[in-house]
Visitor: 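I have a structure here, written as structure tokens, and I will follow up with some questions on it.
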Amino acid sequence: MHVDSGDTAWLLVSTAMVMLMVPGVGLFYAGMVRRKNAVSMLSLSFVALAVVSLQWVLLGYTLSFSSDVLGFVGDLSWLGLRGVSGDSGSIPSLLFVAFQLTFAAVTLAILSSGVAERVKLSSFMVFGLLWTTLVYDPLAHWVWGGGWLAKLGALDFAGGTVVHISSGFSALALAFVVGKRLGYEEHSITPHNIPMTMLGTALLWFGWFGFNAGSALSAGESAANALLVTNTAAASGAIAWLIASWLHDKPSALGMVSGAIAGLVAITPAAGYVDSISAMAIGGLAGALCYGAMLFRVRMRWDESLDAWAVHGIGGVWGALATGIFAMESVGGYSGLLYGNTDQFVAQVIATASAILYAFAVTLVLAKAVDMAMGLRVAQEEEYVGLDISQHGERAYA
Amino acid sequence: MKMVVAVIRPERVEHVLDSLERHAFVALTLTEVKGRGEQKGIQLQFRGRTVEVDMLEKVKLEVVVEDDEVEKAMEAITSAARTGKIGDGRIFVVPVEKSVRIRTGEVRQ
């Protein structure tokens, strides 16, 4: 196929939009921590972008997308991007490399929230490098790079399994290894800047159009459908969580934006396969389910600090299953359970379960290894003073 | 009357406010402040260099009580503010000559 300038222009824009989601994640989470950790939280996202940008060029892309080895991982034929040139469909191959790079970066940024307010910057960088190489890259290969889940027929339009299930369940594993924050449940640890979190969400919602509609890899009908269903699901997620928090207490702004993210997460794997009415159901149920998952997490006394597990993990699970339920032949060429296709649903269940198990187990082992080698967590006094001063020697607010 | 001034850890504030309320000390003033004790803040070692965190964030509470309630107020604060570690803070008791309720002009000596 020949490079198409319209498709290329849209993917260039989409790549830039998804890049902006990474600091968007940083602002989203930075507002939720205490003021003494705001610089740290934002920095973890930026460091994720920087670390993954280098890893992806050197190693990540070839592990994810080059010739299949046993259905598990790509070979090393494109190490350092040598030999990558020409077209990938109707866009330049190097643009596909860049677009996919931003997905890997945003995934690691989400994961950083599990260890908010207590992780050592150096250890997170080492962990992040290993995690992207050993968890993200193989999963991307399974689903998108011609690996075993792709052969099985599992659908993941823009990364429900690869990005959200993997980051959500890995965040939980990482939080278990690093332990609860000092004073967790002894005194309240409240968000210090809700407007910052809402600004982060706005950037995410905006960037998600590039994330999902860009995943069509062309500027056409599929991209248009993905963009519209993405917006619809975000809106229903926001309203669903808002109502849930209203029934509980007050219509929380933080709840509304968390619900929007839940809706965005859930529609991600389905964005190319469902219509707007299905997106309303998927997003709305995501808002309610993720709210329930958050309450469950609190009841279990897990300090998975900023709810990456509840929102991305559970939202991702629901989205992957929903893809197998609501997929419509007239939209993306596949039908789900609602239209009598049990096989698609079964494929989604297998993909979901294997991604959960793989991401959780490997992260647990990796986190333990990094913890034993260099310590994942800062000293108690450093945690008390805050990571902005202890890790960066800087303050968010003078 | 006495003013009980307590400089405490920010993260213990809710516990101290609850404790004071349980002992019927409701009216008070709260200020976010920075300060240091005899240990001069905290020294952190980070990547081979020393980071001095000299002025730590604290919260100052001011409660005015009758003379015979000073001990009770101090106990209410201490029991809720104490963690046993350096940096738990300090309580000062100072005399109050007079207080005026602005709304009514009522004066207490």
Side-chain angles (χ1 to χ4, degrees), chain A residues 32-40 43-44 47 51 116-127 179-193 298 303 305 370 373-398, chain B residues 6-23 25 28 30-61 63 75-91:
Chain A
M32 283 196 238
V33 296
R34 289 164 292 180
R35 59 170 54 219
K36 62 185 178 180
N37 294 310
V39 171
S40 156
S43 296
L44 290 175
V47 108
V51 166
E117 309 196 278
R118 58 206 187 282
V119 74
K120 231 160 81 178
L121 180 68
S122 53
S123 309
F124 180 76
M125 290 169 73
V126 171
F127 168 83
K180 295 174 192 189
R181 284 170 290 182
L182 218 58
Y184 181 72
E185 291 185 321
E186 284 169 31
H187 51 262
S188 69
I189 299 179
T190 48
H192 90 285
N193 193 333
V298 171
D303 188 14
S305 314
V370 173
M374 56 193 296
L376 259 179
R377 189 167 180 153
V378 298
Q380 276 204 1
E381 278 202 333
E382 295 178 316
E383 190 176 331
Y384 179 67
V385 171
L387 270 53
D388 291 4
I389 291 291
S390 74
Q391 299 293 289
H392 302 276
E394 291 163 319
R395 285 180 198 279
Y397 310 95
Chain B
V7 179
I8 61 170
R9 291 176 183 273
E11 69 268 23
R12 301 306 298 177
V13 166
E14 287 176 25
H15 300 271
V16 174
L17 293 182
D18 282 351
S19 171
L20 283 168
E21 203 174 325
R22 272 200 310 277
H23 290 84
F25 301 111
L28 53 80
L30 180 156
T31 321
E32 289 177 6
V33 295
K34 282 182 188 175
R36 64 186 184 196
E38 283 158 18
Q39 291 78 17
K40 268 197 74 182
I42 294 178
Q43 275 199 345
L44 302 173
Q45 294 292 327
F46 185 60
R47 291 201 201 111
R49 68 195 161 96
T50 305
V51 181
E52 294 249 2
V53 191
D54 199 359
M55 289 295 177
L56 293 171
E57 314 245 340
K58 296 285 167 190
V59 164
K60 185 169 76 170
L61 293 176
V63 195
E75 172 54 27
I77 294 168
T78 325
S79 61
R82 179 180 289 147
T83 69
K85 293 192 198 111
I86 288 167
D88 275 353
R90 219 170 165 85
I91 299 177

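Just the heavy atoms: all of them, side chains too, but no hydrogens, waters or symmetry mates, feed the values below. Proteins get letters first, then strands, A, B, ... in listed order; numbering begins at 1 in each.
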Visitor: Within a 6.0 Å radius of atom CZ on R377(A), are there more than 12 heavy atoms belonging to other residues, nucleotides or ligands?
Guide: yes
Visitor: Rounded to the nearest 0.5 Å, what separation is found between the NE2 atom of H187(A) and the OG1 atom of T83(B)?
Guide: 10.5 Å
Visitor: Heavy-atom distance under 4.5 Å to chain A: side chain of E14(B), backbone, both or neither?
Guide: side chain
Visitor: Any idea which heavy atoms bring E186(A) and H15(B) closest together, and the distance?
Guide: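 Smallest interatomic distance, heavy atoms only, reads O-NE2, 2.5 Å.
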Visitor: Can you measure from CD (E57(B)) to CZ (R35(A)) and round to the nearest 0.5 angstrom?
Guide: 7.0 Å
Visitor: Residues two or more places apart in sequence or in another chain: which of them pass side-chain contact (heavy atoms from CB on, under 4.5 Å) with V13(B)?
Guide: I8(B), L17(B), L30(B), V59(B)
Visitor: Answer whether the closest heavy-atom distance between the side chains of Y384(A) and E11(B) falls below 4.5 Å.
Guide: yes
Visitor: Which residues pass the side-chain contact (heavy atoms from CB on, under 4.5 Å) test with S79(B), sequence neighbours left out?
Guide: S19(B), E75(B)
Visitor: side-chain contact (heavy atoms from CB on, under 4.5 Å), that's the test. Do Q380(A) and K85(B) meet it? Break it down for me.
Guide: CA-CA 12 Å; Q380(A) 276 204 1; K85(B) 293 192 198 111; 4.2 Å; yes
